[in-house]
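Notes follow once the structure below has been shown.
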Amino acid sequence: MNWQPDVARDFSDYLRDESRRLGQAEFITFPASTEELAAALRDAHARHLAVTLQGARTGIAAGAVPDGGSILNLSRMTRVLGLRQRHGLFYALVQPGVLLSAFRTALAKREFDTAGWDADSRAALAALRAAPRQMLTADPTETSASLGGMTACNASGARSFKYGAVRHYVEALHVVLADGATVELRRGAQQARGRAFTLALPDGRSLASPLPAYTMPAVKNAAGYYAADHMDLVDLFIGSEGTLGAIAAIELRLTPEPALEWGMTAFLPSTAAVCQFVRRARGEYAAGSGPLAAIEYFSGSALALLRHQKATNPAFAIIPDIPEGFAGAVYVEIHAETEAAAQTTLEKLVEFLNACGGNEDTAWLATTPQELERLHRFRHAVPEAVNLLIGERKKTEPGLTKLGTDMAVPDGALETVMALYETDLARLGLESVVFGHIGNNHVHVNILPRTLADYETGKKLYQHWAERVCGLGGTISAEHGVGKLKTALLAVMYGETGIAQMRAVKQVFDPDRTLGRGNLFS
Ligand SMILES: Cc1cc2nc3c(=O)[nH]c(=O)nc-3n(C[C@H](O)[C@H](O)[C@H](O)COP(=O)(O)OP(=O)(O)OC[C@H]3O[C@@H](n4cnc5c(N)ncnc54)[C@H](O)[C@@H]3O)c2cc1C
């Protein structure tokens with residue numbers, strides 16, 4: 001087994017992810033195939049080594065940060081293994097280290113490395129080239145994420161308003177368990193009976209366990225194990241954050257691209273007006289089935305920060321001039337099949353904007369791919385500006401880091417949660433930038449501490465919000481996962497009983513508790 005020692009000296013980058021937390025490990029290896037991955041896990045199992053799985057390390061909850069033992073980094077498992085066409089739909093079988101950006105490029109060009117592909121895959125590729133363009137709908141802002149990491153976190157992004165999270169597109173997983181046993185989990189093939197399951201492994205063993213009894217919040221959710229009556233067992237592994245097994249291959253369902261993608265960024269006079277606009281838009285166009293792919297939010301402080309960066313940093317010069325005098329903005333993306341349908345939707349949104357105190361003359365419209373790209377860049381500039389600001393502050397206070405929330409609440413609690421955030425931040429005098437997926441009642445509050453005292457206050461506030469959000473029927477993590485940073489918040493959400501029930505499931509797949517040490521469970 002090709003374990004590399006001296007991780008701290010030769011592979012120090014692999015001791016971190018985007019959370020910037022620093023971990024420790026004794027060994028690292030980079031398997032390139034399922035066989036190599038299984039051999040590494042068998043070996044680690046025999047030696048009782050802790051194993052932290054890594055994709056592209058873009059996670060921000062420290063899930064890929066090792067907690068001793070070994071690192072299994074899957075960034076060399078980068079092959080698209082094949083394609084299938086069934087009932088007019090396309091499915092891609094990918095290794096976990098394929099990056100979202102690389103997969104998107106391959107799909108856009110319809111060019112894949114077909115070495116080793118079977119005849120069915122080659123036939124499916126010919127059909128794909130003749131079919132309307134296909135896309136992978138999950139769109140985390142960070143496109144250097146790996147498809148394995150995205151599946152392990154049940155990632156999503158702005159377009160989850162229409163398309164949902166990664167989970168909805170995973171048809172099957174090839175999983176290697178902690179002891180090196182492999183199993184294929186396919187939607188519809190292995191299902192729980194009520195809240196208990198028995199899983200037959202190819203080596204003849206059977207694994208059985210009750211599932212957690214909790215009711216998951218009816219919101220966009222990426223916190224803890226998925227648990228529902230009669231569920232597909234594949235769903236247990238999606239979002240399990242490297243604690244139940246290593247995802248060695250993923251079969252992903254593709255979606256035809258819409259004929260047209262239009263966008264509008266519009267400015268509104270108050271947070272209440274923003275919420276009113278969201279309500280009107282959602283009332284007209286339901287999440288999932290309508291033409292709205294995304295409804296995103298920018299707080300007044302986010303707009304102010306971008307204005308400042310544009311004035312002082314040449315890297316931000318390309319963002320458009322932001323009109324003054326507004327307390328927030330929304331970005332809405334329309335996916336439609338005809339120009340008439342897109343136009344009708346846009347006109348309706350403009351009507352809502354005007355009714356909510358906005359003004360169509362200050363709105364930015366995008367009806368071409370170039371214009372849409374400009375609005376996307378504006379959206380992406382917010383986290384970049386936040387990171388720059390924190391980077392500056394760290395120069396004088398190295399202990400500082402941003403505190404970013406990832407909570408979501410049910411539709412009915414949107415105004416309550418937005419008011420909660422605003423009131424608490426003002427009461428405690430904390431600086432913040434709020435942005436994100438308001439269509440799903442899921443905004444990221446980024447607390448920007450100026451001092452370590454601010455940082456400590458922010459951390460306590462985070463815990464308080466977790467209690468309030470869970471009380472409103474929400475989740476402590478809608479897309480980033482729990483990792484090592486939010487284990488206390490997961491306990492707030494599911495209580496000690498729920499955590500114990502999750503532990504019982506883990507015990508069945510990983511009795512030595514070597515996988516993903518420190519993730520989900522403190
Ligand atoms: C600027 C920025 C913007 C972001 N925006 C979004 C966003 O819009 N939406 C969103 O959902 N996320 C977002 N993220 C978070 C991050 O990109 C996602 O969590 C992503 O899914 C992580 O993928 P990764 O390959 O980097 O995984 P890693 O960080 O390497 O790992 C994440 C977790 O998955 C586990 N894991 C990785 N690979 C496997 C595998 N093959 N089998 C089992 N477990 C595995 C790891 O152990 C870890 O627990 C953002 C991050 C950044 C830095």
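Note that the structure is a prediction, hence the values are computed from the model and not measured. Counting starts at 1 for both ligands and their atoms, following the listed order. Computation of the quantities below employed the complete heavy-atom set of this structure, encompassing side-chain atoms and omitting hydrogens, waters and symmetry-equivalent molecules.
By heavy-atom distance, the residue among Leu72, Asp17, Leu74 lying nearest atom 41 (N) of ligand 1 is Leu74. Taking all heavy atoms of His444, Glu241, His480, Lys484 into account, the minimum distance to atom 14 (N) of ligand 1 is reached by His480.
Because its NZ or CZ atom is not both nearer than 6.0 Å to the ring centre of Phe277 and within 45° of the ring axis, Arg282 does not count as a cation-pi partner of that residue.
Checking His437 against Glu479 by side-chain atom types alone, a donor-acceptor pair falls below 3.5 Å. Side-chain atoms of Asp232 and Gln191 include a donor-acceptor pair closer than 3.5 Å. Using a 3.5 Å distance cut-off with no hydrogens or angles, the side chains of Asn2 and Thr29 do not pair a donor with an acceptor.
Every atom of ligand 1 with a heavy atom of Gly245 under 4.0 Å away is listed here by number and element: 43 (C). Proximity to Gly63 (heavy-atom distance under 4.0 Å) selects the following atoms of ligand 1: 47 (O), 48 (C), 49 (O). Atoms of ligand 1 found under 4.0 Å from any heavy atom of Ala64 (numbered from 1 in listed order, with element): 28 (P), 29 (O), 30 (O), 31 (O), 48 (C). Applying the 4.0 Å criterion to heavy atoms of Ala155 picks out, from ligand 1, the atoms 11 (O), 21 (O). Near Asn519, meaning under 4.0 Å from one of its heavy atoms, ligand 1 places the atoms 49 (O). Taking every non-hydrogen atom of Gly242 and a distance limit under 4.0 Å, the qualifying atoms of ligand 1 come out as 43 (C), 44 (N).
Evaluation of the side chain to side chain donor-acceptor pair (under 3.5 Å) rule for Lys506 yields Asp510 as partners, not counting sequence neighbours.
By the 4.0 Å heavy-atom criterion, Gly516 is excluded from the residues contacting ligand 1.
Only the side chain of Glu18 comes within contact range of ligand 1, with a heavy atom under 4.0 Å; no backbone atom does. No part of Ala248 comes within 4.0 Å of ligand 1, judged by heavy-atom distances. In Ala56, the parts holding a heavy atom less than 4.0 Å from any atom of ligand 1 are both the side chain and the backbone.
Residues Tyr163 and His335 bring their aromatic ring centres within 6.0 Å.
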